[in-house]
Amino acid sequence: MHDIFGNELPAFPPKHYLAMTKSMAEDRRLMLEQYLQEVVTNPVLSRSDILFKCFKKLQLETFRIPSIKVILKVYLPDGRLVKVDSETSDTAERVLEAALYKLNLSRELMEHFSLFITHKDTNAVFSVMKRVAPFEIPFITIWNIKNDSFQIDIRKWYMTPSTDAILMGCTAAVDLLYAQAVQELEMNWCKPTEQQTTALKHLIKTDNKGKFLELMQQVEHYNYQRLDPCSSDYLDGTTMVTVSVGNDELYCSFQTSDNKSEIIRLHISKVTRWHVMHYQPKKTNDQQEFKFGYMDDQFLNWITIRTNQAFLLSTWLKKMLSEQPVTKESLEILDNKTSANTRKR
């Protein structure tokens, strides 16, 4: 592979030749996840048919899955189901294309959507858990989870709200944008004013999707993606934090056990680097940590967030960076931010 791609290809995580403990296995899984993230966010590697075939073969051989015909269930944000005639060996790119074709979405707009693994707990609380990379095999991904509360969803794959305008000429795209926007409004992921809330409810009632999406552009935190509430080392060791990311911003709302609160809003250019690490406070409790550094008055500060959506957060930040105007400085920043390897704490 290095003969073909040279320095474009990141170093593959080293193998363990002795028996691995559970902790070692989790470390290697995180390193492999980080490796795949770096591959899929590289504009050269992500378009390579050679790598697609290689990763497809690796997944099929690892899990020993025969290639047979199946009906794959893919859901939309409003709960609608799309049944995709698929094979167990089909990649996410193929499954997404087939699902969007069924929805009559214009082929040239498909790049603005992606497959995600989502979850609803026993209280019907919704979470986005991970993006399914184009070369991943969704059947294997969802089969590996072995839990009916997880499913495959189609969701938007861009972080800049104004990108909606590109899609407004396609009825199928408007339906998808509307379904996700209503879902996120109902989950309080965005922050409309009282007046905006009244107007949005009226537009939902009258099924005026175009006007609804137009008004949503004015709503604070529209198109921001949110993590489940999690813990952080900021302020004190028991601080809870709600993290949202979108529109070139990382937004963290902290709350301590004694009700002290603080909000940190960082433009993506202020986030200098980040790492995803394995965190195991107890032998029975595996978790991930997302540690990021940011500049404040010429000083570099670090914050650690403990969440099993750490890789998802990293994915969203990398996507946000990829949507920035391309300059020499931005390319240097991107290389600096994404070059760190997964580490164990």
Side-chain angles (χ1 to χ4, degrees), residues 40 43 46-47 72-86 90-118 126 128 130-134 136 138 151-187 189-190 192 196 199-226 244-248 312 315-316 318-320 322-324:
V40 79
S46 62
R47 295 187 180 95
L72 202 60
K73 294 180 179 179
V74 179
Y75 292 86
L76 307 184
D78 58 5
R80 284 179 290 162
L81 171 64
V82 181
K83 293 183 178 180
V84 179
D85 295 317
S86 177
D90 282 342
T91 62
E93 183 179 59
R94 159 71 181 83
V95 172
L96 177 66
E97 184 178 306
L100 292 177
Y101 179 80
K102 276 197 159 189
L103 296 171
N104 296 315
L105 187 88
S106 300
R107 188 179 183 87
E108 62 269 18
L109 300 179
M110 290 184 180
E111 65 181 277
H112 299 294
F113 297 91
S114 185
L115 298 181
F116 290 83
I117 301 298
T118 66
F126 175 86
V128 180
K130 76 178 295 270
R131 181 194 178 220
V132 185
E136 280 188 73
Q151 64 186 35
I152 303 169
D153 282 19
I154 296 175
R155 299 181 67 80
K156 291 193 291 189
W157 181 228
Y158 55 87
M159 307 301 292
T160 307
S162 59
T163 303
D164 280 6
I166 299 172
L167 306 171
M168 294 305 291
C170 174
T171 302
V174 170
D175 286 344
L176 287 170
L177 299 187
Y178 177 76
Q180 185 169 331
V182 170
Q183 180 197 44
E184 292 174 0
L185 177 67
E186 292 174 345
M187 295 189 301
W189 282 18
C190 52
Q196 286 172 335
L200 289 167
K201 286 181 178 178
H202 173 73
L203 293 170
I204 292 173
K205 188 175 181 180
T206 57
D207 199 31
N208 194 330
K209 298 176 183 178
K211 288 291 184 182
F212 177 89
L213 290 170
E214 185 180 321
L215 179 55
M216 284 297 288
Q217 288 286 332
Q218 304 170 32
V219 173
E220 185 181 8
H221 282 197
Y222 170 59
N223 204 52
Y224 280 53
Q225 299 305 298
R226 182 184 288 191
S244 300
V245 59
N247 200 24
D248 301 336
L312 178 65
T315 299
W316 280 331
K318 288 181 180 180
K319 180 61 175 174
M320 198 155 58
S322 73
E323 295 175 0
Q324 300 294 297

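It should be emphasised that the depicted structure is a prediction, and the values quoted were computed from it without experimental measurement. Side chains are part of it too, since the values below use all heavy atoms of this structure and drop only hydrogens, waters and symmetry mates. All residue numbers in this chain count up from 1 along the given sequence.
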Check residues 108-115 and write down every donor-acceptor pair under 3.5 Å in which the side-chain atom is one partner and the other belongs to a residue at least two apart or another chain.
from, atom 1, to, atom 2, distance (Å)
Ser114, OG, Arg131, NE, 2.8

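- Partners of Tyr222 according to the ring pair (Phe, Tyr, Trp, His ring centres under 6.0 Å) rule, which considers only residues two or more places apart in sequence or in another chain, do not exist here.
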From CA spacing to verdict: side-chain contact (heavy atoms from CB on, under 4.5 Å), Gln225, Lys319: CA-CA 12 Å; Gln225 299 305 298; Lys319 180 61 175 174; over 6 Å; no

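- Legend: residues meeting side-chain contact (heavy atoms from CB on, under 4.5 Å) with Ser86, ordered by chain and number and at least two apart, are Val70, Leu72, Val84, Asp90, Val95.
- What you find for Gln217 and Pro161 is that their closest heavy atoms are NE2-O, 2.9 Å.
- Under the ring pair (Phe, Tyr, Trp, His ring centres under 6.0 Å) criterion, Phe212 pairs with Tyr178, not counting sequence neighbours.
- Residues passing the side-chain hydrogen bond (donor to acceptor under 3.5 Å, both in side chains) test with Asp85, sequence neighbours excluded: none.
- No salt bridge links Lys156 with Glu184; every basic N to acidic carboxylate O contact stays at or beyond 4.0 Å.
- The two residues Pro138 and Thr91 come nearest to each other via the heavy atoms CD-C, 3.6 Å.
- A donor and an acceptor atom, one from each side chain of Asp164 and Tyr158, are located under 3.5 Å apart.
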For residues 199-210, please give each side-chain donor-acceptor pair under 3.5 Å, one per line with the distance, not counting sequence neighbours.
from, atom 1, to, atom 2, distance (Å)
Thr206, OG1, His202, O, 3.0
Thr206, OG1, Leu203, O, 3.3
Asn208, OD1, Lys211, N, 3.2
Lys209, NZ, Asp175, OD1, 2.7

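- Nearest heavy atom pair, residue Trp189 against residue Val128, reads CH2-CG2, 4.1 Å.
- Side-chain atoms of Ile152 and Ile117, non-hydrogen and from C-beta on, do get closer than 4.5 Å to each other.
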